[in-house]
Amino acid sequence: MPDYIPVLVTGGAGYVGSHVCKALKGNGILPITYDDLSTGHKEAVLWGPLVCGDIADRQKLESVIREYAPVAVLHFAARAYIGESMGKPAEYYRTNVAGTLSLLEAMEHTGVKRIVFSSTCATYGIPETQPITEDQIQKPINPYGHTKLTVEQMLQDFESAYSIKSAILRYFNAAGADPECEIGEDHDPEPHLIPNVLSAVSNRSPVVIHGDDYPTPDGTCVRDYVHVSDLASAHVAAVRSLLSGADSFSCNLGTERGVSIREILTTVEEVTGRSVPHQIGPRRPGDPATLVANTARAKELLGWTPCHSDLETIIKTAWSWHRRQQNKCAA
Ligand SMILES: NC(=O)c1ccc[n+]([C@@H]2O[C@H](COP(=O)([O-])OP(=O)(O)OC[C@H]3O[C@@H](n4cnc5c(N)ncnc54)[C@H](O)[C@@H]3O)[C@@H](O)[C@H]2O)c1
Ligand SMILES: O=c1ccn([C@@H]2O[C@H](COP(=O)(O)OP(=O)(O)O[C@H]3O[C@H](CO)[C@H](O)[C@H](O)[C@H]3O)[C@@H](O)[C@H]2O)c(=O)[nH]1
C-alpha cells in the first residue's frame, strides 16, 4: 500500500474537482473532498474521503485540516454560472469571495501554505487581442469574473502577509468526461453548451443558441474547449510544482483553438450521427464574443500539453457519459 500525500480538495464532488481527484489518486496524492453538495454529487467522490461542509464554516475547515494534515489545498468550490451571476451577484460574492476568505483564514490558522485556485478566462473580460496571454489586462464583464479576480488579488495579499503560495489556474471552457466513463458533467439545471446540445440530440427538443450576431466568423460565440482530464493533469503538475518549492504563478489552461457554437453542433452531428434540433435566441448577458487562450506559460512552467482536447474526443467522451446517465435513468 503506497503512502499517499494528503491534500484538501474543496468542491471535489463537482465536475472539474472530481476529475482532478481521480488524477491525484493516480499520482500518489490522496484527495480529501470538502463539499456542501450544492451542485456536486457524493457518487462522484470515489478516490478519497468526503467531508460534507460549507467553505464558509471556518471552524469545520480547521478541524478537517487538523484531522487529515493536508500539505496543500486545491480550491474548486464556487458558484460558477456566468448568466446566473448577472442576476444573483450576492450569492457569488458570498460563496466565491467570503467563502474563499474563510478558507484562506483556516489555512493561515492551521499553517497550510500552498493553494491551487480555480480561476477563469472570465477574469479577462473582453480582451484586446487573442489568443489571450496572462499579462493582458483583467477587466471582467460579469459578477462571476469579478469574484474570481478578487480572489486572485486576495491570494497575492495573503502571500505577502502569511507566505501562502498559490498556483492560479485560469481555465477556459472545461468540457468532455472521464475517458473511462466513471464520472462526467452533471448539473441541474445545466448551463453549459455541450451537455445541452447532447440533451437536445437525445430528447429531440431544441437547444437555444444564445445569439448569432456576434463579431465572429459565423456570428456565434467562440470559446476554447479544454478536456477536463487535461485540466486534471495540469492540477497534478501544479500541486507538485508548489510542493517542490516553486514560486507562486498564474497560468491559462486552454488549447489555443477557438471553436464556435455552430462548429460544436456540426461535430456533435458527426459523432452521434444525429441532427441537433436548435433555435436561435437572444444573447446571454455577460458573454464575450471570443475567448481563446495562449498556453505558452503552462507549457513552460508545468510541462503541460493537452492530449485529450481535440474536439472529437471531447464530444465522444461527453456523449458516452451522457448515454450512461440516460441508461441509468431508464433502468
Ligand atoms: N466548468 C468550467 O468550464 C470552468 C471554467 C473556469 C473555471 N471554473 C471553475 O472551476 C471550479 C469548478 O467548476 P465546476 O464546473 O466543476 O463546477 P461544479 O458546480 O460542478 O463544482 C463546484 C463544487 O463546489 C461545491 N460547492 C459550491 N459551493 C460550496 C460551498 N459553499 N462549500 C462547499 N462546497 C461548495 C459544489 O457542491 C460542487 O461540488 C469553479 O471554481 C469554477 O469557477 C470552471
Ligand atoms: O444552452 C446553451 C449554453 C451555452 N450557450 C453558449 O455557449 C457558449 C459557452 O457557454 P458555456 O455556458 O458552456 O460556457 P461559458 O463560456 O459561459 O462559461 C464557462 O467558462 C467560463 C469562462 O469563460 C467560466 O469560467 C464558467 O465557469 C464556465 O462555465 C456561450 O456563448 C453561451 O452563451 C448556448 O448558446 N446555449
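Both ligands and their constituent atoms are indexed starting at 1 by order of listing. All heavy atoms count here, side chains included; hydrogens, waters and symmetry mates do not. This is a predicted model, so every value here is computed, not measured. This chain uses plain numbering: 1 for the first residue, then up along the sequence.
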- For atom 38 (C) of ligand 1, the option (of Thr39, Thr33, Leu193) bearing the nearest heavy atom: Thr39
- Out of Pro191, Ala122, Gly145, who gets a non-hydrogen atom closest to atom 4 (C) of ligand 2? Pro191
Counting only heavy atoms not in [X] (residues, nucleotides, ligands), do more than 12 fall under 6.0 Å from its [atom1]?
{"X": "Lys25", "atom1": "NZ", "result": "yes"}
{"X": "Glu128", "atom1": "CD", "result": "no"}
{"X": "Gln59", "atom1": "CD", "result": "no"}
{"X": "Lys299", "atom1": "NZ", "result": "yes"}

- List every atom of ligand 2 that sits less than 4.0 Å from any heavy atom of Cys121, numbering the atoms from 1 in the order shown and giving each element. 22 (C), 23 (O)
- Per-atom contacts, ligand 2 versus Leu291 - under 4.0 Å to a heavy atom: 23 (O)
Closest protein heavy atom to [atom], given as residue, atom name and distance to 0.1 Å:
{"atom": "atom 34 (C) of ligand 2", "answer": "His210 CD2, 3.1 Å"}
{"atom": "atom 3 (O) of ligand 1", "answer": "Ala174 N, 3.0 Å"}
{"atom": "atom 23 (C) of ligand 1", "answer": "Gly11 CA, 3.6 Å"}
{"atom": "atom 17 (O) of ligand 2", "answer": "Arg284 NH2, 2.4 Å"}
{"atom": "atom 32 (N) of ligand 1", "answer": "Ile55 N, 3.0 Å"}
{"atom": "atom 14 (O) of ligand 2", "answer": "Asn173 ND2, 3.0 Å"}
{"atom": "atom 13 (O) of ligand 2", "answer": "Leu193 N, 2.8 Å"}
{"atom": "atom 21 (C) of ligand 2", "answer": "Ile82 CD1, 3.7 Å"}
{"atom": "atom 39 (O) of ligand 1", "answer": "Asp35 OD2, 2.5 Å"}
{"atom": "atom 4 (C) of ligand 1", "answer": "Tyr171 CD1, 3.9 Å"}
{"atom": "atom 9 (C) of ligand 2", "answer": "Tyr225 OH, 3.8 Å"}
{"atom": "atom 25 (O) of ligand 2", "answer": "Thr120 OG1, 2.7 Å"}
{"atom": "atom 30 (C) of ligand 2", "answer": "Asp287 OD2, 3.6 Å"}

Taking distance alone, with N or O pairs closer than 3.5 Å, would you say [X] contacts ligand 1?
{"X": "Tyr144", "result": "yes"}
{"X": "Asp36", "result": "yes"}
{"X": "Val16", "result": "yes"}

For ligand 1, which atoms, with element, lie under 4.0 Å from some heavy atom of [X]?
{"X": "Ser38", "answer": "26 (N), 27 (C), 28 (N), 36 (C), 37 (O)"}
{"X": "Thr120", "answer": "6 (C), 7 (C)"}
{"X": "His187", "answer": "18 (P), 19 (O), 20 (O)"}
{"X": "Phe76", "answer": "11 (C), 12 (C), 40 (C), 41 (O)"}
{"X": "Gly40", "answer": "36 (C), 37 (O), 38 (C), 39 (O)"}
{"X": "Ala78", "answer": "24 (O), 27 (C), 40 (C), 41 (O)"}
{"X": "Ala80", "answer": "42 (C), 43 (O)"}

Spell out, as yes or no, whether a donor-acceptor pair under 3.5 Å connects the side chain of [X] to the backbone of [Y].
{"X": "Thr216", "Y": "Thr220", "value": "yes"}
{"X": "Asp230", "Y": "Cys307", "value": "yes"}
{"X": "Lys165", "Y": "Gly245", "value": "no"}
{"X": "Arg284", "Y": "His210", "value": "no"}
{"X": "Asn252", "Y": "Arg297", "value": "no"}
{"X": "Asp224", "Y": "Thr255", "value": "yes"}
{"X": "Arg324", "Y": "Cys181", "value": "yes"}
{"X": "Tyr34", "Y": "Asp54", "value": "yes"}

- Message: Is the shortest side-chain heavy-atom distance between Tyr81 and His187 below 4.5 Å?
- Response: yes
Heavy atom under 4.0 Å from ligand 1: found in [X]'s side chain, backbone, both, or neither?
{"X": "Leu37", "result": "backbone"}
{"X": "Lys148", "result": "side chain"}
{"X": "Phe172", "result": "backbone"}
{"X": "Ala122", "result": "neither"}
{"X": "Arg79", "result": "neither"}

- Of all the heavy-atom pairs spanning Ser102 and Asp57, show the shortest one and how long it is. OG-N, 4.1 Å
Are any of the heavy atoms in [X] under 4.0 Å away from ligand 1?
{"X": "Ala56", "answer": "no"}
{"X": "Ala13", "answer": "yes"}
{"X": "Asp54", "answer": "yes"}
{"X": "Gly53", "answer": "yes"}
{"X": "Ser119", "answer": "yes"}

Under-4.0 Å heavy-atom contact with ligand 2, by part of [X] that carries it:
{"X": "Asn196", "result": "side chain"}
{"X": "Cys221", "result": "side chain"}
{"X": "Val208", "result": "backbone"}
{"X": "Tyr124", "result": "neither"}
{"X": "Tyr144", "result": "side chain"}
{"X": "Ile261", "result": "side chain"}
{"X": "His192", "result": "both"}

- Message: For the 3.5 Å polar cut-off, considering only N or O atoms, please tell me whether Tyr171 and ligand 2 meet it.
- Response: no
- Indicate yes or no: does an N/O atom of Ala80 lie under 3.5 Å from an N/O atom of ligand 2? yes
- Would His75 and Thr10 count as having a side-chain donor-acceptor pair, cut-off 3.5 Å? yes
- Verify whether the ring centers belonging to His235 and Tyr171 lie closer than 6.0 Å. yes
